[in-house]
Visitor: 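Please read through the structure below; I'll follow up with questions.
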Amino acid sequence: MSWLDSAAKQQSDTWRSQGLERTPAIFRTGQTPVATIDGREYVLFSSSNYLGLAEHPAVTRAAADALNRFGAGPGGSRLTTGTTDLHAQVEHDFARFLGYEDSVFFSAGFMANAGVLQALAGPGTLIVSDERNHASIIDGCRLAKAQGATVRVYSHRDPAHVDELLRGHSGEAIVVTDGLFSMDGTLAPVPELLAVCHARGAALMVDDAHGTGTLGATGRGITEHFSLVDDHPDILVATSSKALGVEGGAVAASAPVAALLRQKARTFVYSTSSTPATCAAVSAAIGVLEGEDSPVPALHRNIRRLAGHLGMGEWQSPIIPVPIGDETQAVNASAALREAGYFVPAIRWPTVPRGAAMLRVTVMATHTDAQIDGLADVISRL
């Protein structure tokens, strides 16, 4: 056994002995309310396919048409041979949908967050980041730091702490936050952060991965939720791999910022592009949201129903956390739900802090009342 194999085995054994090993569940069906997982049917309450668009006929038909027209692969990176008219169209559609001048489409939301911070921050730039931001933002901060930027972390959802960290800094500054935090389902105080950024001359970047398609009356996300029509974040990352049911991430921004990203974001310049079929599917998903039969109202109704059963009050996010605390108890609770026919994952360290394990329930527009009521009943009995 080589040193590499030996070191990998030792680390894996240690990880396993600490109860931290995770095994992916294997799906034999799509991410629908009833799915076949590891050979058994479950009612699925863990998917980010919040609106059921992954299986929507308009979305799958658009992907199939593009597949027949362009083939399975994109052909290269965006700046060489990997951009088609469908790539240009999806960027136009995202910009229009979100109310920005332009957008840049990346092959994944992770690559969008990392690429933006790497491209825009350099020596003298101060990045102020929420302590519970997604790993992609953290890695983007690390890339920016390697280029000479300074990174400061502020207390979760605390605009006053942001103001304190910006005070006295006279150069370029970027405040970055998740819009809808992916584990606990809470929302960033975007209006207050905007006020601080305006007062201190900083730019605001919001990763609205889980908010796109779920927040706001028409699913336009965190800005619509807070009615920020004329005063929105400088940069908004809208992921299409969650509520839109496909994959990829769009960075909505001003025309100058978008132009710079196309030249300097390494995850855009040096990565193979998304397939044309992906772009066509995303554009079709946006079209569904803009149509008369948008599934957004159904999602909001289902959120209210489950949140009401669980005593969550006026909950607005499709991510509903059920706090457990102890990691072993959370795993056992998840296993009990599986036994009852419901697939709900246990979230534990290192995804959340030690002692803060939870069940992470996600609601879809396509869930039935009976499925929602049944889950709530089992959780209450647990």
Visitor: Between Ser103 and Glu91, do the side chains contain an N or O donor and an N or O acceptor separated by less than 3.5 Å?
Guide: no

Visitor: I'd like to know if Arg16 and Glu21 make a salt bridge, using a cut-off of under 4.0 Å between side-chain N and carboxylate O.
Guide: yes

Visitor: Give a yes-or-no answer on whether the side chains of Ser47 and Gln31 include a donor-acceptor pair shorter than 3.5 Å.
Guide: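 On atom types as modelled, these side chains qualify, holding a pair under 3.5 Å.
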
Visitor: So, Asp85 and Arg69, do they make that salt bridge, N to O below 4.0 Å?
Guide: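 Judged by the 4.0 Å cut-off on N to carboxylate O distance, Asp85 and Arg69 do form a salt bridge.
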
Visitor: Regarding Arg360 and Asp184, does a basic nitrogen lie under 4.0 Å from an acidic carboxylate oxygen?
Guide: no

Visitor: Asp230: what forms a side-chain hydrogen bond (donor to acceptor under 3.5 Å, both in side chains) with it, not counting sequence neighbours?
Guide: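 Residues passing side-chain hydrogen bond (donor to acceptor under 3.5 Å, both in side chains) with Asp230: none at all.
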
Visitor: Looking at Leu4, I want to see if its CG is surrounded by more than 12 non-hydrogen atoms of other residues, nucleotides or ligands under 6.0 Å.
Guide: yes

Visitor: Please determine, by modelled atom types, if Glu101 and Ser254 share a side-chain donor-acceptor pair under 3.5 angstrom.
Guide: no

Visitor: Do we see a donor-acceptor contact under 3.5 Å between the side chains of Thr14 and Ser17?
Guide: no

Visitor: Is the shortest side-chain N to carboxylate O distance from Asp369 to Arg301 below 4.0 Å?
Guide: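 Between Arg301 and Asp369 there is a salt bridge, with a charged N closer than 4.0 Å to a carboxylate O.
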
Visitor: Can Asp5 and Lys9 be counted as an ion pair, charged N to O under 4.0 angstrom?
Guide: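 Not counted as a salt bridge, because no side-chain N and carboxylate O are separated by less than 4.0 Å.
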
Visitor: With a 6.0 Å cut-off on ring centres, are His134 and Phe181 close enough?
Guide: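 No: the rings miss the under 6.0 Å criterion.
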
Visitor: Can you confirm whether Arg266 is buried at CZ, in the sense that more than 12 heavy atoms of other residues, nucleotides or ligands lie under 6.0 Å from that atom?
Guide: no

Visitor: Please say whether more than 12 non-hydrogen atoms of neighbouring residues, nucleotides or ligands are located less than 6.0 Å from CD in Glu192.
Guide: yes

Visitor: So does Asp102 pair up with Arg262, basic N to acidic O under 4.0 Å?
Guide: yes

Visitor: Report yes or no: do Arg78 and Ser273 form a side-chain donor-acceptor pair below 3.5 Å?
Guide: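 No donor-acceptor contact under 3.5 Å links the two side chains.
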
Visitor: Taking the side chain as C-beta and beyond, is there a heavy-atom pair between Val378 and Leu337 under 4.5 Å?
Guide: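 Yes, at least one pair of side-chain atoms sits under 4.5 Å.
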
Visitor: Is the terminal nitrogen or CZ of Arg338 (NZ for Lys, CZ for Arg) located under 6.0 angstrom from the six-membered ring centre of Phe343 and within 45° of that ring's axis?
Guide: no

Visitor: Considering only heavy atoms from C-beta outward, does the side chain of Leu166 approach that of Val175 to under 4.5 Å?
Guide: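 Sidechains of Val175 and Leu166: in contact.
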
Visitor: If we ignore angles and hydrogens, is there a donor and acceptor under 3.5 Å between the side chains of Glu224 and Thr218?
Guide: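 Yes, Thr218 and Glu224 have a side-chain donor paired with an acceptor closer than 3.5 Å.
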
Visitor: Given Ser155, which of Glu131, His161, Arg132, Glu164 fulfils the side-chain hydrogen bond (donor to acceptor under 3.5 Å, both in side chains) condition?
Guide: His161

Visitor: Taking atom CZ as the centre, does Arg40 end up with more than 12 heavy-atom neighbours from other residues, nucleotides or ligands that are less than 6.0 angstrom away?
Guide: yes

